[in-house]
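To keep things clear, I will list the structure first and then write my remarks on it.
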Amino acid sequence: MEDSRNQVTSTMGNLVLWNNDTSFAFAFDNAHFSDPSLLLVTDVGTAKEFHVSSAILSAKSQFFFKLFSNGMVETNQNSVSLQIKADEEYAVSQMLRFMYSHDLLAATDISQLVEVLVVADKFDVSSCVTYCSSKLLLLREKEENLLEVATLEVEHTDFAFAFNQPCFSDRILSMVWGVDGDDSKLVTTKELYIASPLLSAKSAFFYKLFSDAESNQKRVILTIDESEEYALTQIIKFIYTNSLVAATDICQLVEVLVAADKFDVSSCVAYCTAKLLTFPMTKESALVYLNLPWNVLMAESSHPLIQAAKETVATYYDDLSDHPKEDIMDLPLLAIEAILSNDNLLMASETHAYNLLLAWTEENYIDPQERKDVFSSLAGCIRFAWMSPRSLEEVLVSELLNPETAAKIVLQALIFQTATTLRKQTLAAMHIDHRFVERTSYKYKPVKLVEFLKPHDQKIIYMDLTRTECEQLFPCHRRYSQGFSLAGNRLYISARCNLAKERLCLGLFIEETDVCISKRMNYEFSVRAHQTEEFIETHRGSRMTSQGDEVGCTDLLSMAWTDLMDEDSLFFIEDVLHLRVDLSIRSEDP
């Protein structure tokens, strides 16, 4: 029965016979979905009865509109007689079936189609006339072996005339709600005259409601929340008119959208989402959409609206330092997902994104299992491959990730970090979940680290800067690396465009921000040459570590900035500048 209420498309050859958005075939001659019965009385005294919906027949034919409008309510008629000729009975029956199903499966030859065509013209059913004419044309063209075929335009039926009209209704829908939360005290808030086939064709909810009711039960009670009365009335009006004239602002449309999802009126859900897309998308409206019930968020018709809302939120929160932490913690799940999925998210490092997710799940989910499930579902937004080894150690022991999952994440990240630049680009392109894609706006540049503890503390740091990143250093900016530890001291690498020897050039420095114990540190700077692709040492030195101090070289490559950035530069390999810093602290050093 459910399939019979789906969109009906009948195609013969290349001829589209019908493609209407609603089929009422399930309601044809069905006492559950009829108001009067139509009695076909022939001129020879025979009679045949059909259970019909006056709204459906009246929408298709002015003849039936006048027939059912003519005093049926005042006289309380339960049936209407229609005088026909005996040889018209078959054709009239097929015409009535067509008005519900938009097809004539039983009329297969020319003589039958002509019979239906004649009575359809007599009773002013223009859509059936058009259908029969097109089908007859197809049959003629098949006989003549013609290739060209006719196409019938999609018909839209307007039932606005029948909304809340007793003479075109078979039921009374009573919307009721409880008083002060006491469902035992029901108060009727509104009653609407409705045609059950129309509501049932648009909604599985109403189909079940009217199917479960007795066929002679005219009043059907529907218990709702008081706040749903306006929205439900608009939904029922939409079913008749295919528009929402009264719902003109975002709040009203959202209210109707939520109710349409609850009552399973998918066409109204699609209409509301399309209408909402015509309004300017602001941060406030985007958050309203991302807070909608989960069923609405996951509906296929909602995808364009939700995607637009995500993009708006991601753009608005592209620099988290501009927003109070409290505001971030109050955001809904899809908003956090949109922010963390943003390739252009500006933050200190990927560790900050990971910590943000930790804090947000802690703030919004009390239940431990639910918190773990949500964290795991959003973990795919974190670019673990661009986190420092120190941060990956925390991931490995996280209570919010399954141990096997955490181990896999960390292993993949470490393998990625040891890969060549070309291999990284290939992996990033292969993984559409963005786990291997570097964000464009880290404050601290991710680096590759190689650590040795014996025979002495040593770290080799590889820092790759793209040509674009180098251009952003001009004329006096700097780019920091991720922080790292050496012998208990916290250090950073910084590359900058600075003035040396009365010219701008590339400088490279080691900055010491957290020094526990002052020790002598040996350092060596190297850069990979384009010609040999080998690292060439450009500077080395030794000094005692000191809190807040820096050491390095103001002219790393002994060349002007313009020469470095030249298209034929000696040091850019496929538009990447490869830097290496070798740091060590030897126990025998004073």
Side-chain angles (χ1 to χ4, degrees), residues 343-344 349-350 383 385-389 412-431 434-451 458-482 484 492-498 500 503-510 523-540 552-583:
D343 290 345
N344 300 315
S349 68
E350 194 62 32
R383 321 293 169 88
W386 299 98
M387 292 174 63
S388 66
Q412 289 178 338
L414 293 175
I415 292 175
F416 179 84
Q417 290 177 2
T418 60
T420 63
T421 301
L422 179 60
R423 177 59 177 163
K424 287 181 179 180
Q425 294 171 347
T426 303
L427 286 171
M430 291 171 55
H431 290 79
H434 283 197
R435 288 181 299 124
F436 295 96
V437 177
E438 181 182 8
R439 301 187 199 271
T440 59
S441 303
Y442 290 127
K443 180 180 178 181
Y444 298 104
K445 175 74 177 177
V447 295
K448 183 192 300 183
L449 296 174
V450 179
E451 182 177 16
Q458 181 182 8
K459 266 196 172 66
I460 302 175
I461 303 96
Y462 295 89
M463 184 174 178
D464 296 339
L465 296 176
T466 65
R467 183 179 290 273
T468 299
E469 289 172 328
C470 290
E471 290 171 348
Q472 292 169 351
L473 298 179
F474 183 85
C476 56
H477 301 288
R478 66 181 65 189
R479 187 71 191 272
Y480 288 96
S481 74
Q482 288 176 336
F484 57 93
Y492 294 85
I493 304 296
S494 71
R496 67 187 71 170
C497 178
N498 55 197
R503 64 179 182 179
L504 291 175
C505 50
L506 177 67
L508 191 64
F509 295 85
I510 305 162
Y523 59 91
E524 177 186 302
F525 296 161
S526 303
V527 61
R528 179 173 283 169
H530 183 278
Q531 186 174 4
T532 64
E533 295 194 3
E534 297 291 336
F535 279 101
I536 301 173
E537 180 185 327
T538 59
H539 182 76
R540 67 164 54 203
C553 178
T554 57
D555 190 2
L556 181 68
L557 304 175
S558 300
M559 66 167 51
W561 183 263
T562 52
D563 294 333
L564 169 64
M565 300 305 296
D566 190 80
E567 289 186 4
D568 297 326
S569 172
L570 299 175
F571 297 103
F572 276 101
I573 302 175
E574 295 183 357
D575 283 336
V576 177
L577 179 66
H578 301 271
L579 305 176
R580 184 179 70 186
V581 177
D582 189 339
L583 303 176

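- You'll find the side chain of Glu537 reaches within 4.5 Å of the side chain of Glu524, heavy atoms only.
- Taking the salt bridge (charged side-chain N to carboxylate O under 4.0 Å, His left out) definition, one finds that Asp575 meets it with Arg467, sequence neighbours left out.
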Legend entry - Worked verdict on Glu533 versus Ile573 for side chain to side chain contact (heavy atoms under 4.5 Å, CB included): CA-CA 8 Å; Glu533 295 194 3; Ile573 302 175; 4.0 Å; yes
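- Nearest heavy-atom pair, Val447 versus Ser481, reported as atom, atom and distance to 0.1 Å: CG1-CB, 3.7 Å.
- Nearest heavy atom pair, residue Thr554 against residue Cys505, reads O-SG, 3.3 Å.
- Closest of all the heavy-atom pairs between Phe416 and Ala385 is CD2-CB, 3.4 Å.
- Atoms CG and CD1, on Leu583 and Ile493 in that order, are 5.5 Å from each other to the nearest 0.5 Å.
- Heavy-atom minimum distance, Arg479 versus Lys443: NE-O, 3.7 Å.
- Atom NZ of Lys448 is separated from atom CD1 of Ile460 by 11.5 Å, given to the nearest 0.5 angstrom.
- When all heavy atoms are compared, the tightest approach of Tyr492 to Gln482 is CD2-C, 3.9 Å.
- Distance check, rounded to the nearest 0.5 Å: OH of Tyr442 to CH2 of Trp386 gives 7.5 Å.
- Contacts of Lys445 classified as salt bridge (charged side-chain N to carboxylate O under 4.0 Å, His left out), with partners at least two apart in sequence or in another chain: Glu438, Glu469.
- Separation of atoms CD1 (Ile536) and CG (Leu570) is listed at 9.0 Å; rounding is to 0.5 Å.
- Remark: Arg503 engages Asp555 in a salt bridge, criterion side-chain N to carboxylate O under 4.0 Å.
- Inter-residue side-chain proximity for Phe572 and Leu564 is flagged as met; some heavy-atom pair is nearer than 4.5 Å.
- A donor-acceptor distance shorter than 3.5 angstrom exists from the side chain of Glu350 to the backbone of Arg383, with no hydrogens or angles considered.
- Taking every heavy atom of both residues into account, His539 and Gly552 meet most closely at NE2-O, 3.7 Å.
- Residues Leu557 and Met559 have side chains in contact (heavy-atom distance under 4.5 Å, counting atoms from C-beta outward).
- For the atom pair CZ (Phe571) and CG (Leu579), the distance works out to 10.5 Å, reported to the nearest 0.5 Å.
- The side-chain heavy atoms of Met565 and Cys470, taken from C-beta on, include a pair separated by under 4.5 Å.
- Residues Asp582 and Tyr523 form no side-chain contact, since every pair of their non-hydrogen atoms from C-beta on lies 4.5 Å or further apart.
- Side-chain contact check for Cys553 versus Leu508: every heavy-atom pair is 4.5 Å or farther apart.
- Phe509 is listed as a side-chain neighbour of Arg496, based on a closest heavy-atom distance under 4.5 Å.
- For the atom pair Thr538 OG1 and Arg580 CZ, the distance stands at 10.0 Å (nearest 0.5 Å).
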